Amino acid sequence: PRPCGRARSVYFACALATVAVGLLVHRGALPLGGRARDVAGDALWAAMVHWLVSTAAPHAHLRTRGAAALALAWLVELGQLVRAPWLLAARATTLGHLVLGADFDPRDLAAYAVGVAAAALAEAAGRRVRRG
């Protein structure tokens with residue numbers, strides 16, 4: 001097994017790379033239509049959550065980290081049904097909107113599943129390549 005610090009660094013680097021791509025998608029820098037951009041952004045956000053969960057618990061089983069990331073992403077989406085004034089104020093900021101979203105959309109739940117699955121599959125593929 002890799003040392004914990006190295007694993008955390010790799011996962012955190014993956015999170016940063018995912019954020020960079022997500023911001024490109026969010027800003028419209030990639031040639032995607034409106035709905036495709038929205039779905040891609042949601043999937044990338046969930047992939048970032050997977051990498052951050054992995055940073056926090058690098059030696060947990062991949063399925064456990066994936067399930068935790070998906071649960072967290074779904075909780076954030078379901079939290080959009082809560083309309084508390086302080087939450088609405090947080091969501092009105094750029095960072096709050098990027099992290100917490102704005103309005104509940106059940107289709108986002110599927111996009112989050114795709115994003116977490118893509119991150120988990122990328123990790124599993126990377127492991128296979130390293131093993132040779």
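Values in this document were obtained by computation on a predicted structure and should not be read as measured data.
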Discussion item. For residues 71-98, which residue pairs pass the salt bridge (charged side-chain N to carboxylate O under 4.0 Å, His left out) check, not counting sequence neighbours?
Written reply: Arg83-Asp103
Discussion item. Strictly by salt bridge (charged side-chain N to carboxylate O under 4.0 Å, His left out), give each pair with a member in residues 51-76 just once, sequence neighbours left out.
Written reply: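 Sorted result for residues 51-76: Arg65-Glu123.
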ILVMFWY cluster, [X] and [Y] together (side-chain gap under 4.5 Å):
X	Y	value
Leu72	Trp74	yes
Leu62	Val114	no
Val10	Val116	no
Leu32	Val39	no
Met48	Leu109	yes

Worksheet entry | Non-neighbouring partners of Ala90 that pass side-chain contact (heavy atoms from CB on, under 4.5 Å), sequence neighbours left out |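 Partners of Ala90 by the side-chain contact (heavy atoms from CB on, under 4.5 Å) criterion, ordered by chain and then number, come out as Leu100.
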Worksheet entry | All side-chain contact (heavy atoms from CB on, under 4.5 Å) counterparts of Ala68, not counting sequence neighbours | Val53
Worksheet item: For Arg107, what residues pass the side chain to side chain donor-acceptor pair (under 3.5 Å) criterion, not counting sequence neighbours?
Response: Asp105
Side-chain donor-acceptor pairs under 3.5 Å in residues 14-25, sequence neighbours left out?
{"unit_1": "Thr18", "atom_1": "OG1", "unit_2": "Cys14", "atom_2": "O", "d": "2.7"}
{"unit_1": "Thr18", "atom_1": "OG1", "unit_2": "Trp51", "atom_2": "NE1", "d": "3.3"}

Item to complete: Start with the C-alpha distance between Leu52 and Phe12, add both sets of side-chain angles, then the distance that settles side-chain contact (heavy atoms from CB on, under 4.5 Å), and finish with yes or no.
Response: CA-CA 6 Å; Leu52 291 177; Phe12 191 68; 4.2 Å; yes
